[in-house]
Amino acid sequence: MTEAAEKAPILNRELSWMDFNLRVLEEAIDRENPLMERLRFLAITASNLDEFFMVRVAGVKAQVNSGYTTPDVSGLTPEKLLAQLTEKIRVFVDRQYSCLHRSIEPMLKRNSIAFLEPEQWDAAQKRFIREYFERVLSPVLTPLAVDTSRPFPKLANKSLNIALRLEGGPDEGADGKAEEHFAVVQVPSLLSRFLEIPAQEGRAFALLEDVITAHLSELFELYEIRTSCVFRITRNADLEIDEEAEDLMVEIERSIKKRKRGRPVRLELLQKCDPALRKFLTEMLRLKKEDVFPVSGPIDLTFFSKFASLPGFGELCFQPVRPVSPPAAFRGEPDIFAAIRERDRLVHHPYESFDSVLEFIRRAAEDENVLAIKQTLYRVSGHSPIIASLIRAAENGKQVTVLVELKARFDEENNIQWAKLLEEAGCHVVYGLAGLKTHCKIALVVRQEEDGIRRYLHLGTGNYNESTAKIYTDIGLFTCRELYGADASSLFNVLTGYSRPPEYHKFAVAPHGLRDFMEKRILREIENGGRGLPCGITAKVNSLVDPRIIRLLYQASQAGVPVKLVVRGICCLIAGVPGISENITVVSVVGQLLEHSRIFRFENGGDPKLFLGSADWMQRNLDRRVELVFPVEDESLRARVEEVLELLLSDNWNARYMRPDGTYQQASRRGKAAVNCHRVFADRAAAAAKEIDKLTEGRPVELVRQKPEDPVRSRQ
């Protein structure tokens with residue numbers, strides 16, 4: 001590696017993540033986006049920030065507290081990083097609330113939608129709210145006094161609460177001097193955060209905490225309420241799992257319980273909070289001044305995601321992307337296995353329905369010729385048709401092996417429940433490999449046919465989750481190529497047994513070969529560039545963090561290799577720096593849909609190679625996870641994936657380009673037609689389906705029978 005590449009700057013991943021969340025916030029600020037979508041983006045930034053505190057900020061704080069002082073690859077010690085992060089977060093939070101109060105709220109008002117505070121309630125609204133309080137709220141509220149006999153309560157992570165400072169009471173001092181008391185009331189999390197109230201015009205809403213605050217005196221009748229304040233704590237939620245425990249499932253269940261009571265890392269409270277209350281909360285929670293984040297309110301903006309989905313707001317939302325079902329790949333094909341035998345099939349979600357994946361597993365479960373099904377599951381939905389089909393397959397006597405990744409962060413409880421159900425149904429359930437998360441997306445169906453055993457595969461870039469498949473962009477490949485099937489069997493043997501990692505024919509698999517595969521591919525492009533052969537690297541990933549990959553890309557740029565990167569989230573590489581990365585472009589696409597697919601293209605001396613997979617360019621994906629990257633060999637499918645990359649790079653609606661200082665700017669539309677890749681992909685999928693319909697005389701055979709659930713908006 002060249003000395004210049006070794007010394008080239010690398011951005012800190014935490015600071016880069018904050019820049020990504022700012023790009024999401026810019027979507028909330030953008031007046032060209034529909035009003036409810038702006039609220040939804042605002043909610044996503046808040047949800048993102050919650051998880052960032054629970055995992056990343058908590059980790060930096062732990063390093064500082066342990067006295068760790070070694071600088072990271074960006075040159076920052078944990079202490080310096082924490083100071084920069086805290087300042088950056090404060091500026092970000094100010095922008096969140098500025099967006100809400102100065103931009104979004106006036107637009108809500110113009111559309112006759114209002115969140116009313118108690119002083120704005122009229123007589124009819126007060127009567128309605130009081131009835132709701134007495135009928136619904138009062139029975140579930142529990143006032144918690146804090147004194148020598150009643151310690152400060154163990155408040156759940158991310159729960160919304162109201163702190164009170166009280167005076168008087170039955171134990172008031174004999175000298176007549178009012179004694180000071182403190183108490184806490186938790187805002188019920190199972191009830192809707194907002195309450196629609198009667199309005200003479202338009203629609204009006206009240207926040208649940210305001211409803212409770214307006215009636216606090218009824219909960220503390222013997223005391224005088226001097227002041228109250230809404231607050232919220234965020235706790236360290238990164239699980240510490242002993243993977244050598246006798247029972248991994250029991251160990252994870254134990255760790256999940258501890259997550260809810262982890263050490264506080266952030267206190268959010270209202271700016272108008274009484275100083276005495278603020279002092280009381282910081283002391284009780286053992287937090288420092290820099291851990292406190294006063295906001296103008298409301299606290300916890302994540303509720304706007306559900307609010308934006310209320311009936312009646314459809315005209316204020318994006319034109320929905322309606323998945324084509326069946327997709328062109330299977331349109332007019334009554335037999336999914338025959339279709340895959342004929343040629344490889346590719347589907348692009350959510351433009352093409354995820355139903356084809358659900359049907360692949362369902363047909364396998366019912367087909368009498370199918371002998372076995374093997375599948376990995378990382379994140380699945382709450383009512384998963386995939387799980388139902390696997391259970392049905394086991395009931396039908398098929399050998400069903402499922403690797404359920406119990407360590408999928410924040411999905412541990414869901415996955416434990418599914419693992420138990422699958423085991424009870426007779427499936428062989430594996431929890432993954434010690435020390436590694438199994439993140440690859442693969443389903444293998446073994447079928448007895450006239451000419452022998454044939455293996456059918458689905459290989460994907462995203463999870464087997466039909467809900468998120470409606471808002472995450474992912475690509476899936478169906479194939480029954482013999483060498484792919486052999487590799488799949490070898491991979492499952494490694495996951496379920498004691499097999500040594502094999503030499504794969506087609507697959508590149510982490511942690512024992514993917515890093516070497518990627519590095520050799522980049523080095524080959526550098527070599528080809530030096531020999532005057534066609535060269536180039538185009539990659540689409542969620543995150544680019546790995547220092548070795550970054551330095552190799554710097555080296556490629558210095559060797560004249562054009563490098564085009566589509567990186568939605570964290571990017572620690574700096575593009576466009578003279579003498580270092582002037583041949584590298586980085587574009588981040590953030591818009592209506594969440595870009596999730598991973599695509600890798602190498603020019604390869606004029607014989608381009610194209611790969612899809614589950615892995616980002618991060619240390620954890622290359623070294624500490626089971627990941628799968630696989631080639632696309634069918635020429636027509638390769639051309640289609642190339643079109644995906646080309647369109648992403650030509651987008652000027654959702655795209656932002658990295659500048660040499662590491663900041664991002666919106667793609668220019670000056671003198672150009674607007675290109676929104678999400679809308680273009682949707683239009684192309686619909687057009688392809690119509691073309692197939694013409695060829696089949698307009699009578700498509702409906703391949704899919706199952707109906708997926710309604711979409712659930714997820715974090716960006």
Side-chain angles (χ1 to χ4, degrees), residues 249 326 330 333-341 345 347 353-406 414-432 438 440-450 452-460 462-467 469 476-480 484-485 488-493 495-497 628 702-709:
M249 184 181 289
F330 291 106
E333 300 287 351
D335 185 338
I336 194 167
F337 296 116
I340 298 170
R341 280 198 303 275
R345 309 280 171 157
V347 287
S353 174
F354 194 72
D355 291 356
S356 55
V357 181
L358 302 181
E359 183 67 4
F360 177 65
I361 304 300
R362 191 195 69 79
R363 287 283 179 94
E366 300 291 346
D367 191 317
E368 62 182 12
N369 294 317
V370 168
L371 305 177
I373 303 173
K374 302 182 182 184
Q375 187 167 7
T376 60
L377 298 177
Y378 191 74
R379 300 188 196 277
V380 294
S381 66
H383 302 280
S384 173
I386 293 278
I387 298 288
S389 292
L390 293 172
I391 290 173
R392 181 64 177 155
E395 292 171 347
N396 286 340
K398 305 181 190 309
Q399 294 292 317
V400 180
T401 303
V402 189
L403 190 147
V404 180
E405 182 48 77
L406 298 184
N414 192 42
N415 286 3
I416 286 172
Q417 292 175 1
W418 287 132
K420 290 178 178 178
L421 276 176
L422 289 165
E423 284 182 329
E424 290 170 3
C427 301
H428 180 62
V429 180
V430 182
Y431 303 145
T438 302
C440 57
K441 327 295 181 183
I442 180 172
L444 166 64
V445 173
V446 181
R447 192 170 188 264
Q448 177 70 58
E449 298 183 351
E450 291 183 3
I453 296 292
R454 181 174 275 109
R455 288 170 287 206
Y456 294 84
L457 292 175
H458 172 266
L459 307 167
N463 296 309
Y464 289 105
N465 186 319
E466 76 287 349
S467 293
L477 176 71
F478 295 88
T479 185
C480 61
Y484 284 61
S489 292
S490 297
L491 174 57
F492 276 106
N493 288 342
L495 294 175
T496 62
L628 170 61
E702 288 295 331
L703 174 68
V704 180
R705 300 175 189 171
Q706 297 187 77
K707 298 295 183 184
E709 298 176 66

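Only a predicted model underlies this, so the values are computations on that prediction, with no experimental measurement involved.
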Roughly how far, to the nearest 0.5 Å, is [atom2] of [Y] from [atom1] of [X]?
{"X": "Phe360", "Y": "His458", "atom1": "CZ", "atom2": "NE2", "result": "8.0 Å"}
{"X": "Thr496", "Y": "Leu491", "atom1": "OG1", "atom2": "CG", "result": "9.5 Å"}
{"X": "Ser489", "Y": "Arg455", "atom1": "OG", "atom2": "CZ", "result": "4.0 Å"}
{"X": "Ile340", "Y": "Phe330", "atom1": "CD1", "atom2": "CZ", "result": "4.5 Å"}
{"X": "Leu403", "Y": "Lys374", "atom1": "CG", "atom2": "NZ", "result": "12.0 Å"}
{"X": "Cys427", "Y": "Ile387", "atom1": "SG", "atom2": "CD1", "result": "8.5 Å"}

Of all the heavy-atom pairs spanning [X] and [Y], show the shortest one and how long it is.
{"X": "Ala393", "Y": "Ile373", "result": "CB-CD1, 3.7 Å"}
{"X": "Leu457", "Y": "Gly485", "result": "CD1-N, 3.9 Å"}
{"X": "Val380", "Y": "Asn414", "result": "O-ND2, 3.1 Å"}
{"X": "Lys398", "Y": "Ala364", "result": "CE-O, 3.1 Å"}
{"X": "Ser381", "Y": "Asn465", "result": "N-ND2, 3.4 Å"}
{"X": "Ala425", "Y": "Ile391", "result": "CB-CG2, 3.5 Å"}

Donor-acceptor contact below 3.5 Å, side chain [X] vs main chain [Y]:
{"X": "Ser389", "Y": "Ile361", "answer": "no"}
{"X": "Asp355", "Y": "Pro326", "answer": "no"}
{"X": "Asn415", "Y": "Glu405", "answer": "yes"}
{"X": "Asn396", "Y": "Ala365", "answer": "yes"}

Is any side-chain heavy atom of [X] less than 4.5 Å from a side-chain heavy atom of [Y]?
{"X": "Leu495", "Y": "Val430", "value": "no"}
{"X": "Ile442", "Y": "Phe492", "value": "yes"}
{"X": "Ile453", "Y": "Gln448", "value": "yes"}
{"X": "Val357", "Y": "Tyr464", "value": "yes"}
{"X": "Val446", "Y": "Val370", "value": "no"}
{"X": "Arg447", "Y": "Asp367", "value": "yes"}
{"X": "Trp418", "Y": "Val429", "value": "no"}
{"X": "Leu390", "Y": "Gln375", "value": "yes"}

task = Indicate whether the side chain of Arg341 and that of Tyr456 have a donor and an acceptor atom separated by less than 3.5 Å.
result =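 Side chains of Arg341 and Tyr456: pair found under 3.5 Å.
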
task = Check side chain to side chain donor-acceptor pair (under 3.5 Å) between Arg345 and all other residues, then give those that pass, not counting sequence neighbours.
result = Glu342

ask   = Residues two or more places apart in sequence or in another chain: which of them pass side chain to side chain donor-acceptor pair (under 3.5 Å) with Arg454?
value =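 Testing Arg454 for side chain to side chain donor-acceptor pair (under 3.5 Å), a comparison that skips the adjacent residues, returns Glu449, Asp451.
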
key: SB check Arg362 Glu359 (cutoff 4.0 Å)   =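 Result for this pair is yes, salt bridge flagged.
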
ask   = Given Arg392 and Glu366, is the side chain to side chain contact (heavy atoms under 4.5 Å, CB included) satisfied, shown in steps?
value = CA-CA 8 Å; Arg392 181 64 177 155; Glu366 300 291 346; 3.3 Å; yes

